[in-house]
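Heads up: the structure comes next, in structure tokens.
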Amino acid sequence: MAFFEKTISSEIKYEGPVFKVRQYKVETEGGKTGTRDVIEHNGAVIILALTDDGKLIMENQFRKPFESDILELPAGKIDPGEEPEAAALRELAEETGYRAGHIEHLMTYYPTCGYSSEVLYVYFCKDLTPGETDLDPGESLDVLEYDADELIRMIMNNEIKDSKTVIGVLFARQAGVI
């Protein structure tokens with residue numbers, strides 16, 4: 001059975017450079033009312049970039065919510081009006097310096113559908129050409145290379161906790177691209 005919530009009203013409660021928080025007043029099945037807080041996000045891309053010698057490009061960067069460096073796949077937000085594939089190529093070049101000769105969409109998923117409109121698009125890139133990075137102001141990261149088997153071992157040992165990396169690597173392995 002499908003359920004539906006009728007929106008009575010909505011209001012932006014916070015607006016920042018990366019996302020907005022909108023609060024909805026809703027009427028649920030049975031006529032009850034409630035509120036829903038939703039993070040509005042333009043979406044993001046995740047890139048599995050494979051070097052000619054079979055290594056995956058990874059990034060290590062400090063993440064404030066966890067006060068720690070996090071090992072993760074290259075990723076970044078989609079700019080307004082930008083297509084996901086273009087964002088993936090742009091983010092790969094900006095963050096790692098690599099340009100991809102081949103790009104393939106692997107999957108699309110909703111990372112937190114209970115409170116966010118964010119959609120994540122996972123891409124596989126190969127035929128890489130190295131170049132210069134073009135990091136955002138204040139962005140700092142290390143670009144590293146790992147064997148897929150090593151990343152899977154790290155995931156299974158709970159050493160990699162970043163969900164986009166876990167999902168991307170395991171999906172790409174199951175799909176047979178790494």
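This chain uses plain numbering: 1 for the first residue, then up along the sequence. Computed from a predicted structure; not experimentally measured.
- Heavy-atom neighbours of E132 CD from other residues, nucleotides or ligands within 6.0 Å: at or below the threshold of 12.
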L73/I47 under side-chain contact (heavy atoms from CB on, under 4.5 Å): CA gap, chis, key distance, verdict: CA-CA 6 Å; L73 289 168; I47 304 105; over 6 Å; no

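- In Y115, the OH atom is not crowded: 12 or fewer heavy atoms of neighbouring residues, nucleotides or ligands sit closer than 6.0 Å.
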Report all side-chain donor-acceptor pairs from residues 118-131 shorter than 3.5 Å, counting only partners two or more places apart or in another chain.
unit_1	atom_1	unit_2	atom_2	d
Y123	OH	E85	N	3.2

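- From R63, atom CZ reaches atom CD of E72 across 4.0 Å, with rounding to the nearest 0.5 Å.
- Within a 6.0 Å sphere centred on CD of Q174, heavy atoms belonging to other residues, nucleotides or ligands number 12 at most.
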T96 and E59: CA distance, side-chain angles, deciding distance, side-chain contact (heavy atoms from CB on, under 4.5 Å) verdict: CA-CA 8 Å; T96 71; E59 299 175 353; 3.7 Å; yes

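- When the ring pair (Phe, Tyr, Trp, His ring centres under 6.0 Å) test is applied to Y24, no partner is found at least two apart in sequence or on another chain.
- In E83, the CD atom is not crowded: 12 or fewer heavy atoms of neighbouring residues, nucleotides or ligands sit closer than 6.0 Å.
- No donor-acceptor distance shorter than 3.5 angstrom exists from the side chain of D79 to the backbone of E82, with no hydrogens or angles considered.
- With R173 contributing its side chain and I178 its backbone, the two residues share a donor-acceptor pair below 3.5 Å.
- The salt bridge (Lys or Arg N to Asp or Glu O under 4.0 Å) test with E5 singles out one residue from K32, K25, R36, and that residue is R36.
- Minimum interatomic distance between L71 and N60 (heavy atoms only, all atoms of both residues): N-OD1, 3.6 Å.
- Distance check: E11 CD to Q23 CD gives 7.0 Å after rounding to the nearest 0.5 Å.
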Before you tell me yes or no, could you show the steps for I155 and V169 under side-chain contact (heavy atoms from CB on, under 4.5 Å), namely the whole-Å CA-CA distance, both residues' side-chain angles and the distance that decides it to 0.1 Å? CA-CA 9 Å; I155 289 168; V169 169; 3.8 Å; yes

Applying side-chain contact (heavy atoms from CB on, under 4.5 Å) to V18 and H41, what does each step give before you reach the verdict? CA-CA 7 Å; V18 177; H41 190 282; 3.9 Å; yes

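- Between D134 and R90, no side-chain nitrogen of the basic residue sits less than 4.0 Å from a carboxylate oxygen of the acidic one, so the salt-bridge criterion is not met.
- We find that K55 and D147 are joined by a salt bridge, their nearest charged nitrogen and carboxylate oxygen being less than 4.0 Å apart.
- L106 and L151 fall within the same hydrophobic cluster, where Ile, Leu, Val, Met, Phe, Trp and Tyr residues are linked whenever their side-chain heavy atoms come under 4.5 Å apart, directly or through other members.
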